[in-house]
Amino acid sequence: MDSSPQWLPPQPVSEPAPPGPQPFVDDRPPLYKRILGPLAVVGALLVKFGKIAFIAVKGAKFATTSITMLVSIGAYTLIWGLPFAAGFVALLFVHEMGHYIQLRREGVRPGRIVFVPFLGAVIGARSLGGSALAEARVGLAGPVLGSLGALAVAIAGTALGSDALRALAFTGFFLNLFNLLPVVPLDGGRAMAAMAPWMWFVGLATVVALIFVWPNPILFLVAILGALEVYRRWKARKQGAEGNPEYYAVKPLHRLLVGAVYVGLIVALAVGMDLTLIARDFSDV
């Protein structure tokens with residue numbers, strides 16, 4: 001009898017039956033939560049980006065000032081080198097900050113400070129305070145603070161024995177004296193709006209006298225343009241064409257103070273230029 005294993009065909013393996021469909025269970029949050037949830041996220045994003053936009057708009061002034069300042073420093077560097085260019089732009093900034101501070105004191109919201117290479121700087125404002133006196137205060141605040149900045153540089157130059165700082169101070173004095181030219185939109189033109197007519201002539205005579213004491217081409221230019229401006233204002237006053245009389249209504253004491261500050265600045269800046277002038281010997285050039 002044959003006892004060897006017999007071959008059997010493979011038997012099919014039965015697979016388990018697939019499970020039947022499970023009953024549907026709606027585990028989503030309620031409809032009002034599904035609606036309010038995205039709205040809350042959108043609202044939070046709007047608030048967040050609204051704050052960012054506000055900060056961006058607010059920072060745009062700083063960015064504009066910083067970028068134009070850097071561009072001006074780069075432009076002046078081509079002429080004077082980086083240290084002197086940076087110092088000169090810093091003095092421009094101090095001058096404009098005088099206007100900025102006084103505008104805030106007059107209740108006016110200042111705009112951005114913009115630097116224009118080879119032309120200086122300017123600050124935007126929708127008004128200058130609503131009166132000739134406020135306009136004069138805003139106009140003179142720039143030269144006042146700018147002159148103090150140049151004076152600080154002059155003192156540092158003298159203490160350190162630095163001709164470079166003295167030259168920078170001279171340039172600062174020159175800058176502020178130039179801005180006192182009695183022509184709008186320069187600061188001197190703003191100041192003249194609040195002066196009495198007799199003060200125009202006294203100021204003009206003072207400038208002419210200074211030309212003989214401290215010969216200075218800028219003083220000469222101030223005298224010429226000042227004479228033209230005095231003539232124009234005098235003629236307009238005689239013809240009754242000054243504009244809004246309430247705007248130019250300034251108390252006598254305030255007119256006197258504005259005139260004293262204006263003339264005093266001219267004298268101080270002329271002296272400052274004379275003291276910080278560095279004589280150059282071109283015989284070896």
Side-chain angles (χ1 to χ4, degrees), residues 51-129 135 137-157 159-160 162-181 183-191 218 265 268-269 272-273 276 278:
K51 291 181 179 179
I52 294 175
F54 175 76
I55 295 173
V57 171
K58 188 175 181 180
K61 293 183 179 181
F62 176 77
T64 301
T65 300
S66 301
I67 292 173
T68 55
M69 180 184 290
L70 292 175
V71 171
S72 292
I73 292 176
Y76 293 124
T77 298
L78 299 176
I79 303 174
W80 297 321
L82 180 58
F84 194 92
F88 178 71
V89 173
L91 288 178
L92 281 174
F93 179 75
V94 172
H95 177 101
E96 294 302 323
M97 281 303 297
H99 297 312
Y100 185 96
I101 293 171
Q102 189 58 40
L103 282 170
R104 295 292 297 267
R105 290 171 60 88
E106 300 293 343
V108 178
R109 184 177 181 179
R112 64 195 66 183
I113 300 175
V114 179
F115 292 83
V116 183
F118 309 115
L119 291 179
V122 64
I123 181 172
R126 293 186 176 181
S127 74
L128 295 177
E135 178 182 347
R137 287 195 294 250
V138 171
L140 292 175
V144 167
L145 192 59
S147 300
L148 293 175
L151 177 62
V153 176
I155 293 174
L160 299 174
S162 172
D163 285 345
L165 289 177
R166 289 181 57 197
L168 181 60
F170 176 89
T171 307
F173 290 136
F174 165 84
L175 166 70
N176 288 280
L177 182 58
F178 179 84
N179 272 277
L180 288 176
L181 290 173
V183 180
V184 176
L186 295 180
D187 301 330
R190 302 296 185 190
I218 298 301
L265 275 173
L269 290 168
M273 289 182 65
T276 54
I278 299 176

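Each residue takes its place number in the sequence, starting with 1. None of these values were measured; they are calculated from a predicted model.
Classified by interplanar angle (parallel below 30°, tilted 30° to 60°, perpendicular above 60°), the ring pair Phe115/Phe93 is parallel.
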Check the pair Leu140, Asp187 against side chain to side chain contact (heavy atoms under 4.5 Å, CB included), reporting the backbone distance first and the verdict last. CA-CA 6 Å; Leu140 292 175; Asp187 301 330; 5.7 Å; no
Applying side chain to side chain contact (heavy atoms under 4.5 Å, CB included) to Phe173 and Thr276, what does each step give before you reach the verdict? CA-CA 9 Å; Phe173 290 136; Thr276 54; 3.8 Å; yes
Pair Leu177-Met273, side chain to side chain contact (heavy atoms under 4.5 Å, CB included): steps then yes or no: CA-CA 9 Å; Leu177 182 58; Met273 289 182 65; 3.7 Å; yes
Audit row: Phe178, Leu181, side chain to side chain contact (heavy atoms under 4.5 Å, CB included) steps and yes/no: CA-CA 6 Å; Phe178 179 84; Leu181 290 173; 3.5 Å; yes
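Side chains of Glu106 and Val138 form a contact here, defined as non-hydrogen atoms less than 4.5 Å apart. Between Asn176 and His95 the shortest side-chain heavy-atom distance falls below 4.5 Å. A heavy-atom distance below 4.5 Å is not found between the side chains of Pro110 and His99. Looking only at side-chain heavy atoms (C-beta outward), Leu269 and Leu180 come within less than 4.5 Å of each other.
The shortest non-hydrogen separation linking Leu160 to Leu165 is CD1-CD1, 4.0 Å. The nearest pair of heavy atoms linking Ala169 to Ala150 is CB-O, 3.5 Å. Contact record, Val89 with Ile73: CG2-CG1, 3.6 Å, taken as the closest heavy-atom pair. Of all non-hydrogen atoms in Val116 and Tyr76, the two that sit nearest each other are O-OH, 4.0 Å. Taking each heavy atom of Gly98 and Ala141 in turn, the nearest pair found is O-CB, 3.3 Å. Here the closest non-hydrogen pair linking Ser147 and Leu265 is OG-CD2, 3.9 Å.
Under a cut-off of 6.0 angstrom, the local environment of CZ in Phe84 is crowded, with over 12 non-hydrogen atoms contributed by other residues, nucleotides or ligands.
One finds the CE atom of Met97 at 12.0 Å from the CD atom of Gln102 (value rounded to the nearest 0.5 Å). For the atom pair CZ of Arg137 and CZ of Arg105, the computed distance is 8.5 Å after rounding to the nearest 0.5 Å. A distance of 12.5 Å separates CZ in Arg109 from CG in Leu103, rounded to the nearest 0.5 Å.
With salt bridges taken as basic N to acidic carboxylate O contacts below 4.0 Å, one links Asp163 and Arg166.
Under the 3.5 Å distance criterion, the side-chain polar atoms of Thr65 are matched with a main-chain donor or acceptor of Ile113. Side-chain atoms of Ser162 never come within 3.5 Å of backbone atoms of Gly157 as a donor-acceptor pair (strictly under, hydrogens ignored).
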